[in-house]
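Scroll down for the structure; my scribbles are underneath it.
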Amino acid sequence: MLGLAVIGTGHWGRNHARVYKELLSEGMIDGLKICDADENRARQLSESLEVEYVTDYGDLIEDNGIQAVSIVTPSRTHYQLGKEFMETGKDVLVEKPLTMDVDEAKKLVEAADATGRILMVGHLFRYHPAVRELKHRIDAGELGEIQNLIGNRLLFRVPRSDMGVIYALGIHELDLFCHLLDVDYPERLSASQTMSYGQNTEETASIFMDFGYAKGYAFESWLVAAYDRMRDLVVVGSKGSARVDYLNPQQLQLFDNRIVIEEGVPVRVANDEKHVVALPHAEPLKEELNYFISCVKSRQNPLTDGAVGLRSVVMAEAALQSARTGTAVELP
Ligand SMILES: NC(=O)c1ccc[n+]([C@@H]2O[C@H](COP(=O)([O-])OP(=O)(O)OC[C@H]3O[C@@H](n4cnc5c(N)ncnc54)[C@H](O)[C@@H]3O)[C@@H](O)[C@H]2O)c1
């Protein structure tokens, strides 16, 4: 019997609850509860999904019917909640960022080791079907040597007050670029930021990641109205390029174009063709939660485990430091 609970049913946690409810109906789990400190919020979602709710997460810690939890509360609370749940025998999926502090992230990794609990971090885009397809093709050498990775996450919204775009959005690029290149960290990283609303959190940032031959460029903003909502990734290789539109998980775009070099000099563009690889329908969050459940059942260490979450916190802190000081940060 596998009982799941979602702690935090705000903007993102309600999606965890909705997807687990689907997985409950499909027989992948045996029970589901939700928890939010805001009782109105918890009650409304509990009525629409027809699942039991609590307002005190301590009730779930004592609940023997719950073996695993999704922690989808504000990021600064992840450490305390993650630690308590693991130490009382529950497996945890903590939303990204794992924490907003390197020492806290390290302690969560240690707690997972000490307790033998599963600690998975919600780096959603690793479970995105088009990213998986892209990774497969990069590993097979189809794009040649990777030269550039370019990520954009642009929309127009009231900036969050609990974190800026580096932790909220850039963390995806920090993790994904390393994943796609099979490295733990870029060699060095630099970032710049804008804080237009005086809240001490950046609402726009650009992050540059130097991987040696390959370079990564990420642009994150909550102040760009021109594109409605744009979230994409372009990977440029010596043999071709690929583009993922994160809002369209059902396709990967491939471009055959490359620069022809003659006698050491770039002279023209060749093979200017585009192919669209159609992928079977799969919601990235459902892929992620299904995978978490499979790790809980099989006791397999997740692809996005605590160590992956810790590395992305180290990189986010390095980006914030670089944006503050104006100097690049060397990474291990
Ligand atoms: N993976 C993704 O793509 C993605 C997307 C959005 C948000 N997130 C992450 O999800 C987390 C939550 O973000 P959000 O936008 O949903 O925030 P939110 O503020 O909309 O929701 C947080 C909820 O947690 C509840 N809460 C706070 N402390 C609690 C506690 N101790 N016990 C029970 N409930 C508690 C609040 O009442 C609120 O309803 C953040 O860490 C964020 O970075 C991830």
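Indexing begins at 1, ligand by ligand and atom by atom, following the structure's order.
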key: For P97, atoms of ligand 1 separated by under 4.0 Å from a heavy atom   = 43 (O)
task = Specify side chain, backbone, both or neither for T73, according to which of its non-hydrogen atoms lie closer than 4.0 Å to ligand 1.
result = both
note = Quick note on ligand 1: atoms under 4.0 Å from a heavy atom of R160 include exactly 13 (O), 14 (P), 15 (O), 17 (O)
key: Side-chain donor-acceptor contact under 3.5 Å, T55 with E39   = no
query = Do the ring planes of Y291 and Y127 sit parallel (below 30°), tilted (30 to 60°) or perpendicular (above 60°)?
reply = tilted
query = For ligand 1, is there an atom lying under 4.0 Å from some heavy atom of T77?
reply = no
remark   = Rounded to the nearest 0.5 Å, the CZ atom of R43 sits from the CG atom of D38 at a distance of 9.5 Å
ask   = What atoms of ligand 1 come within less than 4.0 Å of a heavy atom belonging to E95?
value = 1 (N), 2 (C), 4 (C), 9 (C), 10 (O), 44 (C)
query = If you measure from the Lys or Arg side-chain nitrogens to the Asp or Glu carboxylate oxygens, is any gap between E26 and K286 under 4.0 Å?
reply = yes
Plane angle bin for H123 and H172 - parallel if under 30°, tilted between 30 and 60°, otherwise perpendicular = perpendicular
ask   = Is the closest heavy-atom distance from H172 to ligand 1 below 4.0 Å?
value = yes
ask   = Atoms of ligand 1 less than 4.0 Å from G122 heavy atoms?
value = 1 (N)
message = Just by distance, no angles: are the side chains of T204 and T194 close enough, under 3.5 Å, to form a donor-acceptor pair?
response = no
query = Any idea which protein heavy atom is nearest atom 37 (O) of ligand 1, and the distance to it?
reply = D36 OD1, 2.6 Å
ask   = Any idea which atoms of ligand 1 are less than 4.0 Å away from a heavy-atom of R41?
value = 38 (C), 39 (O)
query = Should you measure from each heavy atom of P74, which atoms of ligand 1 turn up under 4.0 Å away?
reply = 22 (C), 24 (O), 27 (C)
request  = Mind running salt bridge (charged side-chain N to carboxylate O under 4.0 Å, His left out) on E283 and R18 for me, showing each step along the way?
outcome  = CA-CA 12 Å; E283 180 186 351; R18 168 183 57 78; 2.9 Å; yes
key: ligand 1 atoms in contact with G10 (distance to a heavy atom under 4.0 Å)   = 16 (O), 20 (O), 21 (O), 23 (C), 39 (O)
task = If the plane angle is over 60° it's perpendicular, under 30° parallel, otherwise tilted; pick one for F125 and H128.
result = parallel
remark   = So for H11 against ligand 1, with non-hydrogen atoms under 4.0 Å, the contacting part is both
key: Top protein contact for atom 41 (O) of ligand 1, by heavy-atom distance   = S75 OG, 2.8 Å
message = If I take atom CG from residue L108 and atom CG from residue D113, how far apart are they, to the nearest 0.5 angstrom?
response = 11.0 Å
remark   = The protein heavy atom nearest to atom 12 (C) of ligand 1 is V72 O, 3.3 Å
query = Which is closest to atom 43 (O) of ligand 1 by heavy-atom distance: K96, Q80, E288?
reply = K96
Atom 34 (N) of ligand 1 - nearest protein heavy atom and its distance = A37 N, 3.1 Å
query = Between D162 and R76, is there a salt bridge with N-O shorter than 4.0 Å?
reply = no
inquiry  = Quick check with a 6.0 Å cut-off and a 45 degree axis cone: is R41 positioned over the face of Y53's six-membered ring?
reply    = no
query = Side chain, backbone, both or neither: which part of H123 comes within less than 4.0 Å of ligand 1 when only heavy atoms are counted?
reply = neither
key: Residue H78 vicinity, atoms of ligand 1 by number, heavy atom under 4.0 Å   = 41 (O)
query = Is the shortest distance from atom 19 (O) of ligand 1 to a protein heavy atom below 4.0 Å?
reply = no
query = Taking the minimum heavy-atom distance to atom 6 (C) of ligand 1, which of W12, Y127, F125 ranks first?
reply = W12
request  = Determine, stepwise, if the pair D182 / K135 fulfils salt bridge (charged side-chain N to carboxylate O under 4.0 Å, His left out).
outcome  = CA-CA 10 Å; D182 267 334; K135 170 81 172 137; 3.1 Å; yes
